[in-house]
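Reckoned from all heavy atoms, side chains included, excluding hydrogens, waters and symmetry mates. Letters A, B, ... mirror the listed sequences (proteins, then strands); counts begin at 1.
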Amino acid sequence: MRLVTWNVNSLKARMPRVLQLLEEVGPDVVCLQETKAEAAAFPADELAEAGYEAAHHSGGRWAGVAVLARSGRARGEEVHGLPGEARPEEARWVEAEVDGVRVISTYVVNGREVDSPWFAEKLAFLDAMAARVRALREARPDQPVVLAGDLNVCRDDRDVYDPAAFAGSTHVTAQERERLEALLDAGGLVDAYRDVDPDGQLFTWWDYRAGHFHKGLGLRIDYVLAGGLEVRDYAMLRDFRKGSKPSDHAPVLVELGRP
DNA sequence: ATGTCACACCGTGTGTGA
């Protein structure tokens, strides 16, 4: 399974680049985050013309997630929302079954400031993710799971361009990192990037401001976490962060296979 | 450099979220 995850920062604004990616990369499955679309305005027809069907959970102005699958692939149950989340209306979690694999696209709460109410919601969201993945794995141990998206956490200091500059900020706290490890444990999941490059450094997000992309000042906050599948290849598609009207995130491409 | 982008609103700019 050739799978892409991409925080597009508005699907409407990014549609030309999304169609370019579908054509050039030819993924089987695409997990999108921050689609920022009203359900009625989701561009399902345009995507269908490009050969993809969408399971989308749309919340309007903010957030919004989707799973695209090549037309004709076997599709199963679709789940909108994360059991136990505080604000289901924010549309941060969607599950789809494609070719027998449970595919999840998620956009984790940002958290804004450490010790703010939003940070507490972020930690609770990460806890609910682990509980959901554990429940899925226990209910169907033979079904592979891919959890992909913008987790808004840097797993360790290698995933941060300047750890000192981020001291005291969200995305790098012990509380967030402990929960990411707990999520991996709960689902028996592998961090696809670390699996293929245990000692490397690679980013997936760069601030639009101050030329951070050009200077290599980024974070790794977008992940593909795989359970019951082998990670055969991993690529961060840097070119999609360049050029005209890029997202502030690059897409990530993985090749997954049944062991 | 407080450095950018995208959204909604009744708007030729402001507030919100990232």
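Annotation: cation-pi geometry satisfied between A:R241 and A:F213 (NZ/CZ under 6.0 angstrom from ring centroid, within 45° of ring axis).
The gap from the C1' atom of B:dA6 to that of B:dG11 amounts to 16 Å, rounded to the nearest Å. Distance noted for atom C1' between B:dT12 and B:dA1: 26 Å (whole Å). For the P atom pair drawn from B:dC10 and B:dG15, the interatomic distance equals 14 Å after rounding to whole Å. For the P atoms, the distance linking B:dT2 with B:dG17 amounts to 22 Å, nearest Å.
Side-chain atoms of A:K122 and A:N110 include no donor-acceptor pair closer than 3.5 Å. If you check the side chains of A:H56 and A:S58, you find a donor sitting under 3.5 Å from an acceptor.
The distance between atom CG of A:D207 and atom P of B:dA6, rounded to the nearest whole Å, is 13 Å. Atom CZ in A:F213 sits about 19 Å away from atom C1' in B:dA18, given to the nearest Å. Atoms OH (A:Y208) and C1' (B:dA18) sit 10 Å apart, rounded to a whole Å.
With pairs defined as Watson-Crick or G-U wobble and both atom distances under 3.5 Å, the stems of at least three pairs that touch DNA chain B come out as B:4-9 with B:13-18.
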Show each protein N/O and nucleotides 12-17 of chain B N/O combination with a separation under 3.5 Å, one pair to a line.
| from | atom 1 | to | atom 2 | distance (Å) |
| --- | --- | --- | --- | --- |
| B:dG15 | N2 | A:R61 | NH2 | 2.3 |

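Shown here are the salt bridge (Lys or Arg N to Asp or Glu O under 4.0 Å) partners of A:R137, two or more places apart in sequence or in another chain: there are none.
Mapping A:D248 and A:A210 onto DNA chain B by nearest heavy atom places A:A210 closer to the 5' end of the strand.
Looking at A:L180, A:L189, A:D150, A:V108 one by one, the single match for side-chain contact (heavy atoms from CB on, under 4.5 Å) with A:Y223 turns out to be A:L180.
In this structure, A:D162 places its CG atom where more than 12 heavy-atom neighbours from other residues, nucleotides or ligands lie under 6.0 Å away.
Between A:W93 and A:Y107, the ring centre distance reaches or exceeds 6.0 Å.
In this structure, CH2 on A:W62 lies 13.0 Å from OG1 on A:T35, to the nearest 0.5 angstrom.
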